[in-house]
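Structure first, commentary second.
Numbering of residues begins at 1 and proceeds along the displayed sequence. Just so you know, ligand 1 is whichever comes first in the structure, and atom 1 is the first atom listed for that ligand.
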Amino acid sequence: MIFVWGKKPVYTHAGYVADFCPVCHATRAFAVQRIGMAWHLYYVTVSKGELAGYQRTCCDCGTVLPLEVAHYRQLSAEQLPLAQLEQTTNPHLSIRHADALAAAARMREAPLLMDEGERRRQLDAALRLQADALDEYESATRLDREVWWAIGGAFAFCVVVLMALRQQAPENMDTGFIIAFFLSLGAVAWQLSQMGERFLQRELLPKLARALAPLQPRPVEIDEALERLRGQGRKLAQRIDSARITQFLR
Ligand SMILES: [Zn+2]
């Protein structure tokens with residue numbers, strides 16, 4: 001019998017705060033999650049775990065960012081209307097994020113009148129945020145639904161093949177089962193290999209496009225920004241190019 005056990009992060013809802021979202025370029029409501037590290041047996045946990053930190057998830061775009069509880073006056077149990085939520089949880093938000101809010105306003109009103117340096121900073125910041133998200137995604141061992149379906153399908157396929165062989169051709173049971181097993185393994189491996197690509201397509205690129213849209217960047221500006229990112233050795237720069245980003249910007 002193999003025991004699978006260890007520690008894994010457990011996320012529990014802890015309330016709401018108002019804060020600046022760098023993807024929406026605006027003040028937004030965020031749901032707060034407490035992160036606990038709990039013992040698991042076969043990935044089943046029974047406690048919230050020892051406190052390891054907090055994170056906040058934008059209620060509009062789903063961007064996840066680290067959160068320092070001490071920055072807020074309190075967490076709100078309810079998702080109040082935004083102005084009220086700001087007053088209750090983060091009354092100094094407009095002072096703390098004055099620069100970012102002013103830049104966001106300039107970007108919305110006249111993005112092409114922003115100076116080169118500022119456009120570059122906005123582009124770099126948007127890409128860096130998603131480069132961090134990719135690193136975070138690749139460091140965690142989460143399986144997406146396609147992989148789970150492949151595992152379930154592979155198991156069912158092996159059972160069906162085994163039962164059919166037992167009835168129809170018991171003399172070929174060993175060979176038949178080995179072929180079925182490796183076919184299933186191949187299907188699971190294929191889905192695993194595609195998982196990173198699905199994350200880019202479903203999660204990362206839509207958020208990157210949302211952050212970049214108000215800036216209306218030219219492909220050459222995106223290329224230069226990706227080049228800078230590549231210079232910093234970030235993985236995201238190897239995975240996407242300006243053509244792909246532009247596709248999502250349309
Ligand atoms: Zn957002």
Task: Donor-acceptor pair between R198 and Q191 side chains, under 3.5 angstrom - done: yes
Task: Least distance between heavy atoms, A38 atom then G49 atom - done: CB-CA, 3.6 Å
- [ ] Sort and list the pairs that fulfil side chain to side chain donor-acceptor pair (under 3.5 Å) and have at least one residue in residues 51-62, not counting sequence neighbours.
- [x] Q33-Q55, Q33-T57
Open item on the list: For a distance under 2.8 Å, give residue and atom name for each protein N, O or S atom next to the Zn ion (ligand 1).
Closed with: C21 SG, C24 SG, C58 SG, C61 SG
Open item on the list: Restricting to salt bridge (charged side-chain N to carboxylate O under 4.0 Å, His left out), what partner residues turn up for E50, sequence neighbours left out?
Closed with: none
Can you give the donor-acceptor pairs under 3.5 Å from side chains of residues 170-185 to other protein atoms, not counting sequence neighbours?
unit_1: S184; atom_1: OG; unit_2: A180; atom_2: O; d: 2.8

Task: Pair D19, H97: side-chain N/O donor-acceptor within cut-off below 3.5 Å - done: yes
